[in-house]
Amino acid sequence: MALLAQYVVGGLAVGSLYALVALGIVLLYRTSRILNFAHGDLATFGTFVAFALITAARWSFGVSVVVSLVVTAVVGAAFFFLIIRPAKEATLLGKIVITLGLALFLQGATTVLWGTDTKTMPFPLSDTRVYRLGEVVVSQISLGSFAVGLILMAGMYVLVQRTRIGLAMRAVSQHTVAAQVLGIPVRQIFALTWGLASALGAAAGILLAPVTLLDPYMMLDPFLKGFAAAVLGGIDSMPGAAAGGLLLGVVEALFGAYVSVKFKTTLAFVIIIAVLAVRPEGLLGREYKRRV
Amino acid sequence: MELRQRYEEDLYLVRGALGWTALLAFAALLVLLPYLAPGYFLYTASLIAAHVVIAVGLNLLVGYTGQISLGHAGFVALGAYTAGILAARLHLPWPVAMAAGGVVAAFFGFLVGIPALRLTGPYLTIATLGFGIAVNQVLTNWDALSGGRSGLFLPKLAVAGVRLRDHHIYYLFAALAAALVWVAFNLARSHIGRAFVAIRDSDIAAEVMGVNLTVYKTLAFAVSAFYAGIGGAMLAYLLGFLEPQMFTLFESIYYFSMIVVGGLGTIPGSILGAVVLTILPQQLAGLKQYLPLVYGATIVFVMAVEPWGLYGRWLKVKLWFKTWPF
Amino acid sequence: MKLARIGVFATVLVLVATATVAQTQERGITDTEIVIGSSQPLSGPAAFWGQGVGGGMAAYLQWINDQGGINGRKIRLVLRDDSYLPPRAVANVRELVERERIFALVSLIGSANTFAVRDYVIENQVLWITPTADANMWAGFRNKKYLFVTYPGYVDEGRILTSYAAKNEGAKSFAVFYQNDLYGQKGLLGIKRGIAETKTKLAVAVPYEVTDRDLSGHALKLRQSGADAVILYATPTQGALIVREMAKIGYSPKLFSSFTLADPIMFQLAGDAWNGIILTAYYPVPGSDPKVDAMLETLLKINPQLRASPFNALAGVSFIEPFIEGLRRAGRNVTRDGVVQAMESLRNWNGDVIRGVTFGADRRQGINKIYIIKSENRQYRKLTDWIEYPVGF
């Protein structure tokens, strides 16, 4: 029983990070209808910026993190304005390939700037200090990332559902031209969305790095899982992204524990496909109504 | 000016004296390649042929039918490993092994097409992505079948006991690719191709007009998987060695970018994309760690400047010249 | 019209049937330089290995060239990136042999890539120095005339490590954490043989994929097995991660590992959890031998970026050192067969990094010994002398 709880706790901890990644992906998809395959590499880039600021420039942790989030947000928004927007005519698939190209470019840039060796990310919370809840062991970092993840998710919810800016974001995602007609500054909203999504990714990366160690390819797996979680939860639903991430983390941990470690990822996807077969719009997604 | 006077003229693949000249010149180039190019380029040329087959097949699914597939490396792997296992374990001759590779992949394509009937857009992407990963993991861990990470060695290609040399392999692959491309062209022009395009443009409207979605969507997956399987078998024989890590999400993305950069929805586009995206990393291999930077930037640049892909740009250039001086 | 068509078809057929390629001649040697080549993963997830090994080789050759080269010739290394993908590795090797016309191919990281290029290299009689893959794969392979390997066999290494652990450290049951590829699988095979030899137990074998970053489940499984010793066949990232996870859940077995984790980077990545681990090594590790330390300093002076992967850089030097010695012994008149003969004359030869290299007329496995080290206070201490294993080829 304690072992089961341990696995579940581990799954929740990693699931909260999947949820964070998924949140960024969903946010972008809702507004721009683009699947951003560069999300993981943007996050890695941001994390490396934080790392460089902390170790090379010797700034404090808080300042470095804030600056790196801002930098990533700027890079994300710049990418949108300089490349995606001018490519208006591009089909959806074309835009996806552009993000793929950007992902490759960022990977190369990260490797050239910071090298390929693995590094440790300095973090105020320790990975080895553990708390015991009964027989279950939780590390300080797991608790911290889970808490931060929850806070960020709650913050996003409040932002999108309860503020005027969030209202504007929702309007733009439903019908861009109508939103423009109503006087909503669509370009600023897009900039905000891309920046916010990129910053969320970077936050996930910074939370992940002390646990997974920092190297240019650390987000490959989490990005994939985050993407799958986003789809599982419904790619246009932010609560869905959160739910999907947590669920995926737990399911994966339990399957890896009790059935097979080797096929962990396969099973995660099989479950997702099964859910999609029953509910094609994801767990919490809205049913997709189209005009013919 | 080009006047079409009969319906048949609209269906011609190659039009007019200019078209035939271009085609024959291209064919001549292909035939004479071993004499014009250095030996090591023949290997790349054979690799291009295999990639062309895969890209054309993927294009039939993504470009013509509008179904996104990010797990195509799974079909390629299935074709490659079927051919490999039949050749290495059962010692079947290569035509049989290759054909079997295509058929097995087509069968799995059909299976994947079934859930695809209910899914669209990002949901279908995830489903196909999951399929690709599942194939990779099964091949990695089912040692008895696939040789796992130790890999699978294939016997060399031979005709009547005589081992084929580089240039023979090149001719064989080029001929195979040409034949499959010709079939794809004809498929696109036929009622099946029209059904595919109808599904892409609006599947509900297509169904209303009598296009059986179940049949045509699964057919699209099956045909596309067949091409991928044949391409995979070609890769297997070319390399002589198979390992599951050769067929990951990275490869799926690679094939995907080929068809989009080349020109989505057009067969010459996918051929062009396959050629360019195979040669480009090879030529850039000397750049070492700067390779992803240049390669990624190139893809972004091409797609940003010309959303219709390389072939789209070529069409625009042709159109400009045709309508000159207006 | 029909006749013309038949004529064209016949011409094409004749062309196809008689197409030939240019013959290869002795390549890579001019009056002033010797050209050698390598295909390494310089980008992609395996870039850490390729940049370390490739960078180490390049820096070492630059040092040699700065001292005047070998018998009046400078050595030029052509490095190509294959991103750890077999099709690219094959294309790179072909291009290196046919376009760059290299005299010898050095290293090539990864068993998959090695398998893919193997037939081409052997058939074209290209001198191949230390393909960086499991050495045991060459046992029983024919046509090894131009192949020289100074790299340990994972199976032998696993067996020796397990035997040592059982006999000298009192380990009774083993849990193995291994990378799910040829490297880890061969290691596991060696461990199983060691277990059979010492009549101990294999409690569990937990594999991981290179992209795995969440190892909490793996650590739990290792703990569940109740083993008193854990053997790692991993790369630095996952090696550090699993050791930290095990410390987190309060599992502290005796730790053993293969030589790939002997890089000092582990002290930084795994921190205190890395204290007391016992590893193998096949050349003296930095900090334990003046010649190795001097070589490391030289490399770092030429390329300071190698600071991030000192072990890999030295490994690169260890691959290429015997070949340089062979070139020296071959004299001014360098031919492929001449170098082969020169290398066959190496008997228990010590380079700056690699030690005890022996080749012979039918011996292509240059080193057949490893030794055991232990990590203490961020340094490695030698525990045993050289332990030999049977020469396989």
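These numbers come from the heavy atoms of this one structure, side chains and all, not from hydrogens, waters or symmetry mates.
- Close placement of the C:Tyr380 and C:Phe267 rings is indicated, their centers lying within 6.0 Å of each other.
- Nearest heavy-atom pair, C:Ala262 versus C:Val285, reported as atom, atom and distance to 0.1 Å: CB-CG1, 4.4 Å.
- Heavy atoms closer than 4.5 Å to chain A are found in both the backbone and the side chain of C:Gln268.
- Proximity to chain A is limited to the side chain of C:Gln224, based on heavy atoms less than 4.5 angstrom apart.
- Per-residue heavy-atom pair counts under 4.5 Å with chain C were compared for A:Val138, A:Leu220, A:Val14, A:Thr111, and the maximum is reached by A:Val14.
- Of the two parts of A:Leu224, neither the backbone nor the side chain holds a non-hydrogen atom closer than 4.5 Å to a non-hydrogen atom of chain C.
- Around the NZ atom of C:Lys186, the shell of radius 6.0 Å holds no more than 12 heavy atoms that belong to other residues, nucleotides or ligands.
- Heavy atoms of C:Ile265 lying under 4.5 Å from chain A belong exclusively to its side chain.
- In this structure, chain A has no heavy atom under 4.5 Å from any part of C:Ser309.
- Of the charged side-chain nitrogens involved, none lies within less than 4.0 Å of a carboxylate oxygen, so that C:Arg307 and A:Asp117 do not count as a salt-bridged pair.
- With salt bridges taken as basic N to acidic carboxylate O contacts below 4.0 Å, none links C:Arg80 and C:Asp82.
- Other residues, nucleotides and ligands contribute over 12 non-hydrogen atoms within 6.0 Å of the NZ atom of C:Lys221.
- For A:Ala257, the part lying near chain C is the backbone, with the side chain staying farther off; criterion is any non-hydrogen pair under 4.5 Å.
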